[in-house]
Amino acid sequence: MNTKQHINICFLILHYIDIELTSKTIESIMQLNHFDNSKIVVVDNASPNDSGEILKEKYKDKKEIHFISLKLNNGFSVGNNIGFQYIKDNYISDFVIATNNDILFPQKDFIDKLMVLYAEKPFWVAGPDVYEPHRCFHSNPMYEHLLSIQEIRKMMEETECEKQKLKKFFSLYGFKIYIRDSFRKSKKIRLLVKLNRFIRRQRKKYKERSEGIVLHGACLIFDKRFCEKNNKLFVPLTFMYGEELLLALQCKKNNWEIRYFPELFVWHFSGGSTQSTKPNYREYCRKSIIELERKQEAKRIYVEQLIRNDWYA
């Protein structure tokens, strides 16, 4: 492993539509200490507004940034896998960090801390504390263990109930989340969210190191062994959602260490990469239903993989 001054990291960003969000992600990465020998690969997932080309022109003088333009929106897994293959073909990396384009790295010594933690507790895959400011919520670890078939099916029942609520012409539940997401930047809405979070205190698991967990896919760190062993970062069975569960299943199957480190942290402006405009209430519900259906399909695929591997616990 290289020293801090010579650490090589490739940051992989999957871009879609929002130029401002992706630009902020790129800038926050470039301002990290000891970024000098690192690279950024941005995959434009067929954005319909030519934002990929605009970003490419904006950063044309930055030799450490490379852009890949896709003609079709391949979804999360395939889009990231294409970028990962480019990294494998062109760079030698100690780590690949796959990050959403709505992630910021406010921790300037992120790379330094990563090196210290890796020396202490090596891993194949790791995740930082992922904090969502608009929800006052820490979303890592996503789950404390690999979910069983029974747990997944219960979640699918709950998701189906949520979908039925959103299909109604009007529901208080749908209107509540529409207001929350549409006006997330409003000081009053943020104050209400903080008050609700204070009353319903989040479990403090995000403050503790853990392993064998399911990590949130917004920011994942893959070590050199993982990158050499695999030609794909994610199992390409889902379009969007569920990639984290399949990754955790893959790690368990191969006895690869998967760890969560609260000492590392990023900010996640959740939904930013898919909500570049403010839809009306009915359009918001329609899009939400599509997302829920994709989540259901991802869970169904995960159950199939559990059965195939004879893991029923």
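Values reported hereafter were calculated over all heavy atoms of this structure, with side chains retained and with hydrogens, waters and symmetry mates removed.
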Does the side chain of [X] reach to within under 4.5 Å of the side chain of [Y], using non-hydrogen atoms?
X	Y	result
Y178	R282	no
L233	F226	yes
L114	I9	yes
V96	Y91	no
V303	I307	yes
P122	E257	no
N74	V43	no
V41	N90	no

Can you tell me if [X] and [Y] form a side-chain donor-acceptor pair at under 3.5 Å?
X	Y	value
N254	Q250	no
E151	H145	yes
K205	S210	no

Parallel, tilted or perpendicular, as decided by the 30° and 60° cut-offs, for the rings of W267 and F269: perpendicular

Parallel, tilted or perpendicular: ring planes of H138 versus Y131, cut at 30 and 60 degrees: tilted

Inspect the surroundings of [atom1] in [X] and state if more than 12 heavy atoms from other residues, nucleotides or ligands are less than 6.0 Å away.
X	atom1	value
K163	NZ	yes
K58	NZ	yes
I92	CD1	no
K24	NZ	no
K108	NZ	yes
F170	CZ	yes

When you measure from the side chain of [X] to the backbone N and O of [Y], does any donor-acceptor pair fall under 3.5 Å?
X	Y	answer
Y302	L147	yes
S139	V130	yes
Y206	P262	no
E297	T238	no
E244	G217	yes
E243	Y241	yes
E53	S69	no
N45	L70	no
D18	E20	yes
N81	F234	yes

If every non-hydrogen atom of [X] is compared with every non-hydrogen atom of [Y], which pair is closest and at what distance?
X	Y	result
T22	N101	OG1-ND2, 2.8 Å
E263	K113	O-CD, 3.7 Å
A218	I103	O-CG1, 3.6 Å
S23	L55	OG-CD2, 3.4 Å
G174	L166	CA-CD2, 3.7 Å
Y16	A46	CE1-O, 4.0 Å

How many angstroms lie between [atom1] in [X] and [atom2] in [Y], if you round to the nearest 0.5 Å?
X	Y	atom1	atom2	answer
F11	S38	CZ	OG	5.5 Å
K232	Q85	NZ	CD	8.0 Å
M115	F110	CE	CZ	12.5 Å
M156	I149	CE	CD1	11.5 Å
I13	I29	CD1	CD1	4.0 Å

Residues in side-chain hydrogen bond (donor to acceptor under 3.5 Å, both in side chains) contact with [X], at least two apart in sequence or another chain:
X	answer
D50	none
E162	Y173
K121	none

With sequence neighbours excluded, residues passing side-chain contact (heavy atoms from CB on, under 4.5 Å) with F239: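 Listed in chain order: N73, R294.
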
Partners passing side-chain contact (heavy atoms from CB on, under 4.5 Å) against E211 (at least two apart in sequence or in another chain): R259

Presence of salt bridge, R300 and E304, under 4.0 angstrom: yes

Residues E228 and R225 bridged, charged N to O under 4.0 Å: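 Between R225 and E228 there is no salt bridge, as every charged N stays at least 4.0 Å from the carboxylate O atoms.
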
Are [X] and [Y] joined in one hydrophobic group, where the rule is that I, L, V, M, F, W and Y side chains link up if heavy atoms are under 4.5 Å apart?
X	Y	result
V214	M155	yes
I301	I290	no
Y281	L292	yes
I17	L72	no

Derivation and outcome, side-chain contact (heavy atoms from CB on, under 4.5 Å), residues L237 and Q305: CA-CA 10 Å; L237 295 177; Q305 294 301 305; 3.6 Å; yes

Where at least one partner belongs to residues 35-74, residue pairs that pass ring-ring contact (aromatic ring centres under 6.0 Å, His included), sequence neighbours excluded: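 Residue pairs with at least one partner in residues 35-74: H66-Y86.
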
Step-by-step side-chain contact (heavy atoms from CB on, under 4.5 Å) determination, M30 to I65: CA-CA 10 Å; M30 293 179 65; I65 305 177; 3.8 Å; yes

Positive for side-chain contact (heavy atoms from CB on, under 4.5 Å) with V235, one of L245, L249, L246: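 Single pass found, and it is L246.
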
Within the 6.0 Å centroid threshold, strictly below: F84 and F222: no

Stepwise side-chain contact (heavy atoms from CB on, under 4.5 Å) check, C219 with F105: CA-CA 10 Å; C219 183; F105 291 78; 4.0 Å; yes

From CA spacing to verdict: side-chain contact (heavy atoms from CB on, under 4.5 Å), Y284, I177: CA-CA 10 Å; Y284 174 86; I177 61 174; 3.7 Å; yes

